[in-house]
Amino acid sequence: MAGKGFRNVWITGGSSGIGRALALYYGRVGARVAVSGRNEERLEEAARACGGAAYPLDVTDAAAVERTVAAIWEREGPLDLAILNAGAAFKRAGRDDTAANLKKHLEVNLLGVAYALDALRPRMREAGGGTIALVGSLAGYAGLPRTSGYGTSKAALGYYAEALWAELEREKIRLKLISPGFVKTPIVAANEFPMPFMLEPDEAARIIARGLERPAFEIAFPRRLAWPLRLLRALPASWRVRLFAAAERRAARGRSR
Ligand SMILES: NC(=O)c1ccc[n+]([C@@H]2O[C@H](COP(=O)([O-])OP(=O)(O)OC[C@H]3O[C@@H](n4cnc5c(N)ncnc54)[C@H](OP(=O)(O)O)[C@@H]3O)[C@@H](O)[C@H]2O)c1
């Protein structure tokens, strides 16, 4: 049965969407599951549904992250898998709001992950190793229009994971990057652009769990979206920006009709 390798799992953003589906998955295969998120009601419900424990947490608070990881280690025992999945997308307030909007994204999607990684690393090292999976996005593959804050934070997360892989490997910590395409969750509900090949959270959780059992660094899915984006990423950036600008002009003409 997939998932048999992980016995003690912590999932941030476990109260909703992909994180909740992962919590249920690992609960079903018999792992001990701890979930974190800010909304205590939703978190308690998810913990009950997966037979696990709720650890309320705002990942942007570094001291709280350290305290929570210490509490999990103490009460649940050494983790062998942490899925740093908590993430958010914020609408821009206006044209001239790129910095404030980027800051909000970096605080949750990048620093929130880094705080958790720094809290987990010495403990996992001492316990002899473990797996830390970071949830990025296919949106980080190229500078897609209309997602400057979110996309930049996810591109940076991919860089961060790649840059740290070798040092963590020497400590027997396997770092994995999860790069989902579109998954039907509240985070994408307000998107006003096409979202091809959308998956249900359960399907995404199964793909992620399978990928976590395998040695590859990155779990990018669905393949039918990941491959075209990889090809797009391989183009010269000067071509990409022109392609995106033309697509945006076409979309604007479509909207005004
Ligand atoms: N859905 C997609 O199409 C898609 C595609 C690519 C990547 N992703 C990534 O997948 C991850 C999960 O997203 P999702 O689609 O499952 O969205 P979701 O249903 O909105 O779940 C986001 C989770 O993150 C938690 N969260 C947000 N801000 C937090 C904070 N400051 N501290 C602690 N927890 C926080 C939320 O709980 P609280 O609000 O209670 O804190 C919630 O449990 C995110 O990293 C997202 O960027 C999603």
Side-chain angles (χ1 to χ4, degrees), residues 10-25 33-47 49-50 52 54-69 82-91 103-116 119 133-142 144 147 149-158 160-161 176-205 207-208 211 218-222 225-226 229:
W10 177 42
I11 302 165
T12 69
S15 53
S16 171
I18 299 172
R20 186 180 183 282
L22 280 165
L24 265 56
Y25 175 90
V33 182
V35 284
S36 288
R38 291 163 307 172
N39 183 307
E40 297 199 20
E41 205 174 305
R42 277 205 306 261
L43 194 65
E44 288 293 345
E45 187 282 322
C50 71
Y55 288 84
L57 173 67
D58 183 337
V59 295
T60 65
D61 179 343
V65 172
E66 168 59 32
R67 277 197 305 277
T68 302
V69 171
I83 306 178
L84 307 181
N85 159 80
F90 305 96
K91 263 200 169 336
K103 186 165 186 274
K104 288 202 266 185
H105 282 100
L106 293 177
E107 278 168 356
V108 183
N109 299 344
L110 184 61
L111 287 171
V113 169
Y115 297 145
L134 315 187
V135 179
S137 171
L138 290 182
Y141 273 26
L144 302 171
T147 181
Y150 180 80
T152 301
S153 70
K154 293 297 187 180
L157 189 68
Y160 173 79
K176 308 274 273 185
L177 178 66
I178 300 168
S179 304
F182 296 109
V183 183
K184 202 169 176 190
T185 72
I187 212 174
V188 297
N191 284 354
E192 286 159 357
F193 47 81
M195 293 186 278
F197 313 125
M198 177 98 83
L199 299 180
E200 291 296 329
D202 288 352
E203 211 177 342
I207 295 170
I208 292 169
E218 192 185 17
I219 305 164
F221 64 94
L225 186 60
L229 284 171

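Just follow the structure's listing: the first ligand is 1, and inside any ligand the first atom is 1. Note that the coordinates shown come from a computational prediction; the quantities given were computed from them, not determined experimentally.
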List ligand 1 atoms under 4.0 Å from [X], heavy atoms only on the residue side.
X	value
Gly87	22 (C), 24 (O), 27 (C), 44 (C), 45 (O)
Leu57	32 (N), 33 (C)
Gly17	16 (O), 19 (O)
Arg42	38 (P), 39 (O), 40 (O)
Val188	1 (N), 2 (C), 3 (O)
Ser137	6 (C), 7 (C)
Phe182	3 (O)

inquiry  = Below 4.0 Å, non-hydrogen atoms only: which portion of Lys184 touches ligand 1? Side chain, backbone, both or neither.
reply    =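 Answer for Lys184: neither.
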To check your reading of the model: name the closest protein heavy atom to [atom], its residue, and the distance in Å.
atom	value
atom 31 (N) of ligand 1	Asp58 OD1, 3.0 Å
atom 19 (O) of ligand 1	Ser16 OG, 2.5 Å
atom 36 (C) of ligand 1	Ser15 OG, 4.1 Å
atom 35 (C) of ligand 1	Ala86 CB, 3.7 Å

task = Examine distances only and state if a side-chain atom of Thr12 and a backbone atom of Asn85 form a donor-acceptor pair shorter than 3.5 Å.
result =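 Yes, because the side chain of Thr12 sits within donor-acceptor range (under 3.5 Å) of the backbone of Asn85.
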ask   = Is a donor on one side and an acceptor on the other found under 3.5 Å between the side chain of Asn191 and the backbone of Phe193?
value =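 Side chain of Asn191 to backbone of Phe193, a donor-acceptor pair under 3.5 Å: no, none is there.
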Pairwise side-chain contact, [X] with [Y], heavy-atom cut-off 4.5 Å (strictly under):
X	Y	result
Lys184	Met195	no
Thr185	Ser16	no
Leu57	Val65	yes

inquiry  = Quick check: Val59 and ligand 1, any N/O pair under 3.5 Å apart?
reply    =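 Yes, Val59 has an N/O under 3.5 Å of an N/O on ligand 1.
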task = Before signing off on this row, confirm whether Pro180 and ligand 1 have an N or O atom pair separated by under 3.5 Å.
result =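 No: no nitrogen or oxygen of Pro180 is under 3.5 Å from one in ligand 1.
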task = Please assess Ile208 against Phe221 for the test side-chain contact (heavy atoms from CB on, under 4.5 Å), listing each intermediate value before the final yes or no.
result = CA-CA 9 Å; Ile208 292 169; Phe221 64 94; 3.7 Å; yes
inquiry  = Looking at ligand 1, is there an atom of it that comes within less than 4.0 Å of some heavy atom belonging to Ala46?
reply    =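 No, that is not the case, since the closest heavy atom of the residue is not under 4.0 Å from the ligand.
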Gly112 touching ligand 1 at heavy-atom level, < 4.0 angstrom =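 No heavy atom of Gly112 comes that close to ligand 1.
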query = If hydrogens are left out, which of Asn85, Leu157, Ile18 has an atom nearest to atom 12 (C) of ligand 1, that is, the closest non-hydrogen atom?
reply =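 Considering heavy atoms of Asn85, Leu157, Ile18, the nearest to atom 12 (C) of ligand 1 sits in Asn85.
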